[in-house]
Amino acid sequence: MMVGSIAVHHPISPHAREAAAMILRSATFVLLMLSAISLSAGDWVSLIGADSLDGWTKVGGEASYHLNDGVITGKTGPGKNTFLTKGPYADFELEFEVKCDRELNSGVQIRSHLYPKPTPQESKPDRIREQGEMYGYQCEITGKTNGANGCSGNFWDEGRRTKWLDESVNAEEKQAVYKPGQWNQFRIVAKGNRIQSFVNGVPVADFTDDRDAEGLIGLQVHSIKKGSGPYQVSWRNIRIREL
């Protein structure tokens with residue numbers, strides 16, 4: 001305060017100085033932790049280019065893919081299942097929106113691979129998978145249930161064990177959250193041996209598996225019967241954050 005024209009200064013007590021130092025140390029620690037979390041989680045990265053599919057590779061059948069206004073659309077064609085692939089990726093969160101014709105079955109592969117040579121299928125050794133065919137974890141996209149556990153959001157072991165990987169999923173209950181023929185939001189989290197999926201914000205699959213720690217992402221256009229179609233499936237707002 002001021003007494004006449006003389007300024008009187010109150011000294012800061014040791015206790016107050018220590019309290020201020022503790023607050024500063026705590027604030028510094030919080031900032032460091034937030035920085036570490038940000039670095040460990042990584043930033044969200046869009047997987048759709050502005051005007052091209054550069055960085056993506058088509059494998060499998062003769063379906064076509066094109067990009068328009070930020071939307072990748074796959075259209076059925078002759079031959080076997082077709083995939084538009086990118087990667088590899090290991091631990092990550094993947095988000096996308098998808099709209100699939102009701103008549104078409106589709107999916108998104110994660111941590112998947114291509115057979116390097118003709119190989120007997122694990123679940124059915126009499127069937128030989130061709131060189132270049134894709135196999136691995138596929139997050140299902142479909143307008144209807146498929147067996148006891150088969151529904152949108154569950155994972156099918158494509159081209160290998162050919163079975164549903166989360167056997168606890170109630171397909172009828174979980175399929176109810178998927179909107180056939182409309183845009184649906186999917187989220188996939190793959191961290192270590194645990195894989196989870198969410199469809200329109202609702203948890204669907206949650207399982208552990210040690211087969212694949214990393215691999216390709218693949219947008220599937222499923223094969224169709226000769227004389228049917230054409231059908232199409234579209235993806236938008238595809239983004240990934242590596243963990």
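- Cluster annotation: Ile238 and Leu53 are assigned to the same hydrophobic cluster (Ile/Leu/Val/Met/Phe/Trp/Tyr, side-chain heavy-atom contacts under 4.5 Å, transitive).
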**OP:** Would you please test Lys80 and Glu130 for salt bridge (charged side-chain N to carboxylate O under 4.0 Å, His left out) and show each step?
**Re:** CA-CA 11 Å; Lys80 55 193 176 184; Glu130 299 176 11; 2.9 Å; yes
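- In this structure, the separation between CG on Asn193 and OG1 on Thr208 is 5.0 Å, given to the nearest 0.5 Å.
- Salt bridge annotation for Asp91-Arg241: absent, with no cationic side-chain nitrogen under 4.0 angstrom from a carboxylate oxygen.
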Original post:
Can you list the steps and then say if His222 with Leu104 is a side-chain contact (heavy atoms from CB on, under 4.5 Å)?
Top reply: CA-CA 7 Å; His222 203 283; Leu104 184 63; 4.3 Å; yes
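- Salt-bridge formation is not detected for the pair Arg111/Asp209: no Lys NZ or Arg NE/NH1/NH2 atom is positioned less than 4.0 Å from an Asp or Glu carboxylate oxygen.
- Closest approach of Ile128 and Pro118 over heavy atoms only: CG2-CB, 3.8 Å.
- Contact check for Arg239 versus Phe96: no side-chain heavy atoms found under the 4.5 Å cut-off.
- Counting heavy atoms from C-beta on, the side chains of Arg211 and Tyr135 never come closer than 4.5 Å.
- Counting only distance, with no hydrogens or angles, the side chain of Asn200 and the backbone of Gln185 share a donor-acceptor pair below 3.5 Å.
- The line from CG of Leu114 to OG1 of Thr57 is 9.0 Å long, rounded to the nearest 0.5 Å.
- Lys144 places no side-chain N or O within 3.5 Å of a backbone atom of Arg102 that could act as its donor or acceptor partner.
- Between atom CG of residue Asn237 and atom OG of residue Ser46 there is a gap of 8.0 Å, rounded to the nearest 0.5 Å.
- Put simply, the side chain of Phe207 does not reach to within 4.5 Å of the side chain of Arg194, judged on heavy atoms.
- Put simply, the side chain of Phe155 reaches to within 4.5 Å of the side chain of Ile195, judged on heavy atoms.
- In this structure, Lys58 places its NZ atom where more than 12 heavy-atom neighbours from other residues, nucleotides or ligands lie under 6.0 Å away.
- The closest donor-acceptor contact from the side chain of Ser152 to the backbone of Thr142 lies under 3.5 Å.
- Of the possible polar contacts, one joining the Asp166 side chain to the Ser168 backbone as a donor-acceptor pair under 3.5 Å is found.
- In this structure the side chain of Ser123 never reaches within 4.5 angstrom of the side chain of Arg160, judged on heavy atoms.
- Between Lys191 and Glu93 the shortest side-chain heavy-atom distance does not fall below 4.5 Å.
- Note on Ile110 and Met134: separate hydrophobic clusters, where clusters join Ile, Leu, Val, Met, Phe, Trp and Tyr whose side-chain heavy atoms are under 4.5 Å apart, directly or indirectly.
- Checking side-chain atoms of Ser106 against main-chain N and O of Gln220 turns up a donor-acceptor pair under 3.5 Å.
- Thr73 places no side-chain N or O within donor-acceptor distance of the main-chain N or O of Ser234, the cut-off being under 3.5 Å.
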Subject >> ring pair (Phe, Tyr, Trp, His ring centres under 6.0 Å) evaluation trace for Phe198 with Phe186 >> reply: CA-CA 6 Å; Phe198 305 81; Phe186 279 65; over 10 Å; no
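- Asn149 contributes a side-chain N or O that, together with a main-chain N or O of Val169, makes up a donor-acceptor pair within less than 3.5 Å.
- To the nearest 0.5 angstrom, Thr76 atom OG1 is 10.0 Å from Glu103 atom CD.
- Between the side chain of Thr119 and the backbone N or O of Lys117 there is at least one donor-acceptor pair closer than 3.5 Å.
- Between Ser223 and Gly79, the shortest heavy-atom distance links the atoms CB-O, 3.4 Å.
- Taken to the nearest 0.5 Å, the CH2 atom of Trp56 stands 4.0 Å off from the CG atom of Leu219.
- When side chains are defined from C-beta on, Asn146 counts as touching Trp164, because their heavy atoms get closer than 4.5 Å.
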Original post:
Passes side-chain contact (heavy atoms from CB on, under 4.5 Å), Leu47 versus Lys86? Steps please.
Top reply: CA-CA 9 Å; Leu47 296 185; Lys86 193 177 184 70; 3.9 Å; yes
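- Ser112 places no side-chain N or O within donor-acceptor distance of the main-chain N or O of Gln109, the cut-off being under 3.5 Å.
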**OP:** Would you please test Ile217 and Leu94 for side-chain contact (heavy atoms from CB on, under 4.5 Å) and show each step?
**Re:** CA-CA 10 Å; Ile217 288 172; Leu94 176 68; 4.2 Å; yes
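- Both Phe92 and Tyr137 belong to a single network of hydrophobic side chains, linked directly or stepwise wherever heavy atoms of I, L, V, M, F, W or Y lie under 4.5 Å apart.
- Put simply, Ile72 and Val59 are part of two different groups of oily side chains (I, L, V, M, F, W, Y) that touch within less than 4.5 Å, one to the next.
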**OP:** Decide salt bridge (charged side-chain N to carboxylate O under 4.0 Å, His left out) for Glu122 and Arg127; before the verdict, give the C-alpha distance in whole Å, the side-chain angles of both, and the deciding distance to 0.1 Å.
**Re:** CA-CA 9 Å; Glu122 183 176 330; Arg127 179 172 181 178; over 6 Å; no
**OP:** Quick one: do Trp235 and Val108 satisfy side-chain contact (heavy atoms from CB on, under 4.5 Å)? Show the steps, please.
**Re:** CA-CA 10 Å; Trp235 293 267; Val108 168; 3.5 Å; yes
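- Looking only at side-chain heavy atoms (C-beta outward), Ile141 and Tyr178 come within less than 4.5 Å of each other.
- In this structure, the separation between CD on Gln196 and CG on Asp206 is 4.5 Å, given to the nearest 0.5 Å.
- The two residues Ala190 and Leu243 make their nearest non-hydrogen contact at O-CD1, 4.2 Å.
- Of all the heavy atoms in Ala171 and Gly150, the pair that sits closest is CB-O, 3.4 Å.
- Across every non-hydrogen atom of Cys151 and Val204, the tightest pair is SG-CG1, 4.2 Å.
- Clustering ILVMFWY residues whenever any of their side-chain heavy atoms sit less than 4.5 angstrom apart, transitively, puts Val221 in a cluster other than the one holding Val71.
- Both the sub-6.0 Å distance and the 45° axial angle are not jointly satisfied by Arg129 relative to the ring of Tyr115.
- Pairing each heavy atom of Gly87 with each of Leu216, the nearest pair is C-CD2, 3.8 Å.
- A donor-acceptor pair under 3.5 Å is absent between the side-chain atoms of His66 and the main chain of Lys75, judged by distance alone.
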